[in-house]
Asker: 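Handing you a structure now.
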Amino acid sequence: MPELPEAEIVRRNLEANCLGKSIAEVVVKDDRILDNIDAAFLTKSLKGRRFTSAIRYGKRIFLKSEDLQVENKQVKDERAENQQINNHQSKDLWLTTHLGMTGWIDCLNIPDGERPIRDSPYEPRYTRLLIIFDHSGMAYTDPRLFGRLGLTESPDEFIKQRRLGPDALKMDFDEFSKGLRRKTASIKTVLLDQGFIAGLGNLYTDEVLFQAGINPQAKSYAVNDTRSSRLFQSIQEVLNTAISSGSDFNLLPESYLLPHRHRNGRCPKDGSILEVIKVNGRTTYFCPEHQG
DNA sequence: TTTCATGTTCAGCA
DNA sequence: GTGCTGAACATGAA
């Protein structure tokens, strides 16, 4: 279920389970999920390295990898001139991920002496990429194959190239409210635009608009300061709440729309039937009563 | 059997 | 340039 909160959950999981381990094998099981690189290059690039940090930007996760051997050399040889050479050799390489519509990353624990090879019981269904450490591994799963994995030497450059806007949890309020005033599209369309704000998808956009009491069809420029301030707050609250509830909609507060976001779903405030429309081609649930 | 789906990108048109 | 619509991608679930 990948919007920003789900990406953050995956990131934390990777951070807790997949850092510092030597990459023994990289198995690309379906190269349709690769983002402009071929399978052999990805495998060659990551093998023998290890992941050392996991960061998230919007819906994307970046896994930093470092060269094991060069690092060991650096520890042994503290002379500056050699370090410079080594630094050059150990240029950072980041695995980039976008989970698409149905992507996820599972961390695998594998008993001694066993490996998560093709069709083994340790390999989850719909695994498209498998990274094997010594006694553990990680599997990128994605039934619909809309997600993409790739490599970059710089997440900052990557973010610039993709024209991603600021991360939804780090965006500056001034930039947000001024930006809204400049847009003539509907407020929902603007919130979904990853170039304006990165991280909100169809479900959480409905939720933040519900929490802020704003009609999804309202023109962005017509959202006044009071409302854009409330909206900005809702974005922070909703995303943080979703992250702490592990993105389990049943654990969200009673006042949230998401658990009721289905046909015949009712507004958690007054029990009236929610309205379903299309905005920007996306199914949109809202309560006309509370989102004037 | 048909329709819809948490995302992104692109063509075509107003 | 802006924005909207529809299609494409691929597959499971209702």
Side-chain angles (χ1 to χ4, degrees), chain A residues 1-11 28-36 56-61 96-105 124-129 140-150 158-165 167-168 178-210 216-223 235 238-239 241-243 245-252 256-265 274 276-286:
Chain A
M1 303 144 81
E3 293 182 34
L4 186 152
E6 291 75 26
E8 176 60 20
I9 288 159
V10 168
R11 187 199 69 76
V28 177
K29 304 201 61 181
D30 193 320
D31 61 13
R32 285 176 292 180
I33 53 108
L34 297 183
D35 196 3
N36 283 318
R56 180 195 56 71
Y57 190 99
K59 303 173 184 175
R60 295 182 139 89
I61 301 162
T96 67
T97 79
H98 189 289
L99 303 175
M101 199 93 103
T102 53
W104 201 259
I105 300 175
R125 216 179 160 195
Y126 307 116
T127 294
R128 311 303 188 185
L129 176 81
Y140 174 72
T141 63
D142 189 355
R144 284 176 70 183
L145 298 162
F146 287 169
R148 290 292 177 268
L149 306 186
F158 183 94
I159 289 159
K160 256 184 225 163
Q161 277 169 7
R162 304 288 169 124
R163 304 226 161 84
L164 294 180
D167 183 87
K178 280 176 190 159
L180 291 191
R181 262 177 258 149
R182 274 188 247 112
K183 299 280 189 177
T184 56
S186 73
I187 184 65
K188 172 154 179 171
T189 300
V190 174
L191 294 180
L192 283 173
D193 179 359
Q194 302 301 300
F196 179 74
I197 181 170
L200 293 170
N202 200 33
L203 297 191
Y204 287 105
T205 296
D206 280 2
E207 184 67 62
V208 300
L209 288 169
F210 178 74
Q217 300 164 105
K219 291 294 185 186
S220 176
Y221 60 76
V223 174
I235 292 171
V238 166
L239 294 178
T241 302
I243 292 167
S245 34
S247 132
D248 181 342
F249 291 172
N250 296 317
L251 299 181
L252 293 174
Y256 272 42
L257 175 78
L258 282 174
H260 312 280
R261 197 184 175 285
H262 52 76
R263 272 186 305 284
N264 299 320
L274 296 171
V276 189
I277 58 172
K278 291 274 183 192
V279 176
N280 200 31
R282 312 297 302 276
T283 300
T284 300
Y285 284 75
F286 74 108

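Sequence lines set the chain letters: A, B, ... in the order given, protein chains first and strands last, and positions in each chain run from 1. Just so you know, these numbers come straight off a predicted model, no measurement behind them.
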Asker: To the closest 0.5 Å, what do you measure between CG (Leu164(A)) and CZ (Phe158(A))?
Answerer: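 One gets 7.5 Å once the value is rounded to the nearest 0.5 Å.
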
Asker: Just checking, any donor-acceptor pair under 3.5 angstrom between side chains of Thr284(A) and Lys188(A)?
Answerer: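 Yes, side-chain donor-acceptor contact under 3.5 Å.
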
Asker: Distance check needed: dC4(B) P versus Asn202(A) CG, whole Å only.
Answerer: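 Taking CG of Asn202(A) and P of dC4(B), I get 14 Å after rounding.
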
Asker: From CZ of Arg261(A) over to C1' of dT6(B), roughly how many Å is that when rounded to an integer?
Answerer: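 Between C1' of dT6(B) and CZ of Arg261(A): 8 Å.
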
Asker: Has Lys278(A) got a side-chain N or O lying under 4.0 Å from the OP1 or OP2 atom of dC4(B)?
Answerer: no

Asker: Locate the shortest heavy-atom distance separating Leu257(A) from Tyr285(A); write the atom from each residue and the value.
Answerer: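 Smallest heavy-atom distance, with atoms named: CD2-O, 3.8 Å.
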
Asker: Does any part of the side chain of Phe249(A), heavy atoms only, come nearer than 4.5 Å to the side chain of Arg261(A), both counted from C-beta?
Answerer: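 Of all side-chain heavy-atom pairs linking Phe249(A) with Arg261(A), none is under 4.5 Å.
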
Asker: Rounded to whole Å, please give me the gap between CZ in Phe158(A) and P in dT8(B).
Answerer: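 Going from CZ in Phe158(A) over to P in dT8(B) covers 11 Å.
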
Asker: Evaluate the side-chain proximity of Asp30(A) to Leu145(A): yes if any heavy-atom separation is below 4.5 Å, no if none is.
Answerer: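 Result yes, sub-4.5 Å side-chain heavy-atom pair found.
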
Asker: For the pair made of CG in Leu99(A) and C1' in dA5(B), what is the distance, rounded to whole Å?
Answerer: 16 Å

Asker: Near DNA chain C, under 4.0 Å by heavy atom, which residues of residues 192-201 of chain A?
Answerer: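 Result for residues 192-201 of chain A: none.
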
Asker: At less than 4.0 Å, is any side-chain N or O atom of His98(A) found next to OP1 or OP2 of dT8(B)? Yes or no.
Answerer: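 Yes, such a contact exists.
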
Asker: Counting C-beta onward and ignoring hydrogens, is there a side-chain heavy-atom pair between His98(A) and Leu149(A) closer than 4.5 Å?
Answerer: no

Asker: Locate the shortest heavy-atom distance separating Glu3(A) from Gly201(A); write the atom from each residue and the value.
Answerer: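 It is OE1-N, 2.7 Å.
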
Asker: Going 5' to 3' along nucleotides 8-14 of chain C, which nucleotides have protein heavy atoms under 4.0 Å from the base (write B), which only from the sugar-phosphate (write S), and which from neither (write -)?
Answerer: -BBBS--

Asker: If you measure from CD on Glu6(A) to CH2 on Trp104(A), what distance do you get to the nearest 0.5 Å?
Answerer: 6.0 Å

Asker: Donor-acceptor pair, Arg128(A) side chain versus Pro143(A) backbone, under 3.5 Å?
Answerer: yes

Asker: Tell me: CG of Leu164(A) to P of dT8(B), nearest whole Å?
Answerer: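 Distance check: Leu164(A) CG to dT8(B) P gives 9 Å.
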
Asker: Would you kindly give the OH-to-P distance between Tyr256(A) and dT6(B), to the nearest whole Å?
Answerer: 19 Å

Asker: If you compare all heavy atoms of Ala198(A) against all heavy atoms of Leu4(A), which two are closest, and at what distance to 0.1 Å?
Answerer: O-CD1, 3.9 Å

Asker: From CG of Leu4(A) over to P of dG7(B), roughly how many Å is that when rounded to an integer?
Answerer: 12 Å

Asker: If a stem is a run of at least 3 consecutive Watson-Crick or G-U pairs, both distances under 3.5 Å, which stems include DNA chain C?
Answerer: B:2-5 with C:11-14, B:7-14 with C:2-9

Asker: To the nearest 0.5 Å, what is the distance between OG1 (Thr97(A)) and CZ (Arg148(A))?
Answerer: 12.5 Å

Asker: By salt bridge (Lys or Arg N to Asp or Glu O under 4.0 Å), which residues pair with Lys278(A), not counting sequence neighbours?
Answerer: none

Asker: Using 0.5 Å steps for rounding, measure from the CG atom of Leu180(A) to the NZ atom of Lys219(A).
Answerer: 14.0 Å

Asker: Rounded to the Å, how far apart are Tyr285(A) OH and dC4(B) C1'?
Answerer: 10 Å

Asker: Decide yes or no for Thr127(A) and Tyr140(A): does some side-chain heavy atom of the first lie under 4.5 Å from some side-chain heavy atom of the second?
Answerer: no

Asker: When rounded to the nearest 0.5 angstrom, what is the spacing between CG in Leu191(A) and CZ in Phe196(A)?
Answerer: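 Going from CG on Leu191(A) over to CZ on Phe196(A), the span is 7.5 Å.
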
Asker: Produce the list of close N/O pairs, under 3.5 Å, pairing protein atoms with atoms of nucleotides 3-5 of chain C; give distances to one decimal.
Answerer:
unit_1	atom_1	unit_2	atom_2	d
dG3(C)	OP1	Thr184(A)	N	2.8
dG3(C)	OP1	Thr184(A)	OG1	2.7
dG3(C)	OP1	Ala185(A)	N	3.3

Asker: What string of B, S and - do you get for nucleotides 9-14 of chain B 5' to 3' if you count protein non-hydrogen atoms under 4.0 Å?
Answerer: ------

Asker: In Å and rounded to the nearest 0.5 Å, what is the NZ to CG distance from Lys59(A) to Leu200(A)?
Answerer: 7.5 Å

